[in-house]
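Notes follow once the structure below has been shown.
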Amino acid sequence: MLIAAMLLLALAIFAPRSLSNTVPLGAETCPFDASELRGTSETLACHCPAEDTNGGGIWGSVIYTDDSRICRAAVHAGAITRNGGMVRLEMLPGRNRYRGSERQGLVSRSFGEWPASYRFLWSNERDNIRALRCPDTARNIAIGEAIRCRCLGIDSRDGTVWGTGVYTDGSRICRAAAHSGVIGESGGIVIVRREVGRARYQGSMRFGIASLDHGEWGGSFRVIAGEGNF
């Protein structure tokens, strides 16, 4: 009994910690929002405690108004979970319009013209560079892999999609992105993650686009983020 207890204690002490909860030495806690950086092109690396992911308004999707709460927006963007973690954001000019959405269980709001914005940068620098044009479908993306690509306007206005939120891997990626609301029909940049197949896909009418029902299918994808040109 004593040996078992000692083994459990050792596991608790030496077990690896989640990277999302690891705080680098000297890391500063994120400010409430990024309004003090307005008018700059600075990047900011900071730590979001778990409690700071609760509460606070956010406006936009992927690109947010600079008065959106940073840690709340980071969860919405998929940069961290509600457990908190390190984030890196980049200041951007203002936009004529910000489109709200529901992601990661959080709802952001739409907003009109605003003087400054920010976005979160991924740890893999390749994901922050100019995106290549999206493939028509997700069939050639490996299960569990995510790609960042650009949807041209023509790509989001044509093609068939099956499902809602999660789509068959034979659905046209950019049309599905417009159906899910992460980009408009003028296109934009999206992040697409390939997933396993589902027993059933339910169609719906969203953002003026009709998707179809489908039965069991061997592969799926989800559009997990987007920078739409609205």
Between atom [atom1] of [X] and atom [atom2] of [Y], what is the distance when rounded to the nearest 0.5 Å?
X: I63; Y: R97; atom1: CD1; atom2: CZ; answer: 14.0 Å
X: S220; Y: R194; atom1: OG; atom2: CZ; answer: 8.0 Å
X: C48; Y: I80; atom1: SG; atom2: CD1; answer: 4.0 Å
X: S156; Y: I173; atom1: OG; atom2: CD1; answer: 12.5 Å
X: D213; Y: Q202; atom1: CG; atom2: CD; answer: 6.0 Å
X: E90; Y: T43; atom1: CD; atom2: OG1; answer: 7.5 Å

(Q) Listing request: all salt bridge (Lys or Arg N to Asp or Glu O under 4.0 Å) pairs with a residue in residues 30-43, at least two apart in sequence or in separate chains. (A)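 Qualifying pairs: R38-D66.
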Q: Only pairs at least two apart or in different chains count here, so list each salt bridge (Lys or Arg N to Asp or Glu O under 4.0 Å) that has a residue in residues 157-166.
A: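 Counting only pairs at least two positions apart or across chains, no salt bridge (Lys or Arg N to Asp or Glu O under 4.0 Å) contact touches residues 157-166.
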Quick one: do [X] and [Y] end up in the same hydrophobic cluster if we chain Ile, Leu, Val, Met, Phe, Trp and Tyr together by side-chain heavy atoms under 4.5 Å apart?
X: V190; Y: I209; answer: no
X: I141; Y: V182; answer: yes
X: I147; Y: V223; answer: yes
X: L92; Y: W59; answer: yes
X: V75; Y: I58; answer: no

Side chain to side chain donor-acceptor pair (under 3.5 Å) with [X]: which residues, sequence neighbours excluded?
X: T137; answer: none
X: T65; answer: D67, S68
X: W217; answer: D169
X: S180; answer: none

Closest heavy-atom pair and its distance - [X], [Y]:
X: A50; Y: N83; result: CB-O, 3.6 Å
X: Y98; Y: G60; result: CB-CA, 3.8 Å
X: I70; Y: Y118; result: CA-OH, 3.4 Å
X: R99; Y: I183; result: NH1-O, 3.9 Å
X: M91; Y: T40; result: CB-O, 3.4 Å
X: A73; Y: Y64; result: O-OH, 3.6 Å

(Q) Restricting to salt bridge (Lys or Arg N to Asp or Glu O under 4.0 Å), what partner residues turn up for E195, sequence neighbours left out? (A)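 Partners of E195 under the salt bridge (Lys or Arg N to Asp or Glu O under 4.0 Å) test: R193, R198, R222.
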Q | Any residue meeting salt bridge (Lys or Arg N to Asp or Glu O under 4.0 Å) with R172, in chain and number order, not counting sequence neighbours | A |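 Once residues adjacent in sequence are excluded, the partners of R172 under the salt bridge (Lys or Arg N to Asp or Glu O under 4.0 Å) criterion are D136, D155.
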Q: Start with the C-alpha distance between R148 and I189, add both sets of side-chain angles, then the distance that settles side chain to side chain contact (heavy atoms under 4.5 Å, CB included), and finish with yes or no.
A: CA-CA 7 Å; R148 180 176 181 266; I189 295 174; 3.7 Å; yes
Q) What's in the same ILVMFWY side-chain cluster as V107, cut-off under 4.5 Å, chained through other members? A)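 Result for V107 is none, singleton.
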Q) How about C46 and C30, are their SG atoms within less than 2.5 Å of each other? A)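 Yes - the two cysteines, C46 and C30, have SG atoms within less than 2.5 Å of each other.
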Q: Show your working on side-chain hydrogen bond (donor to acceptor under 3.5 Å, both in side chains) between H214 and T168 and close with a plain yes or no.
A: CA-CA 8 Å; H214 203 289; T168 67; 5.9 Å; no
For [Y], is there any backbone N or O sitting under 3.5 Å from a side-chain donor or acceptor partner on [X]?
X: R206; Y: G181; value: no
X: R72; Y: T53; value: yes
X: S211; Y: V161; value: no

Q) Are C151 and C174 close enough, and set up right, to give a disulfide bond (SG atoms under 2.5 Å apart), and what steps lead you there? A) CA-CA 6 Å; C151 288; C174 295; 2.1 Å; yes
Q) If you look only at pairs with a residue in residues 189-208, which of them pass as a ring-ring contact (aromatic ring centres under 6.0 Å, His included), with sequence neighbours excluded? A)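 ring-ring contact (aromatic ring centres under 6.0 Å, His included) check on residues 189-208 returns no pairs.
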Q.
Less than 3.5 Å apart, any donor N or O on the side chain of H76 or S61 sitting next to an acceptor on the other?
A.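 Absent: no donor and acceptor within the cut-off.
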Q: For F221, enumerate each residue passing the ring-ring contact (aromatic ring centres under 6.0 Å, His included) test, keeping only those at least two apart in sequence or located in another chain.
A: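 In terms of ring-ring contact (aromatic ring centres under 6.0 Å, His included), with neighbours along the sequence ignored, F221 is linked to Y167.
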Q. CD1 of I154: more than 12 outside heavy atoms within 6.0 angstrom?
A.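 Counting other residues, nucleotides and ligands, CD1 of I154 stays at 12 neighbours or fewer.
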**Q.** Residue list, side-chain contact (heavy atoms from CB on, under 4.5 Å) with P49, at least two apart or on another chain
**A.**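 Expected list: T29, H47, E51, D52.
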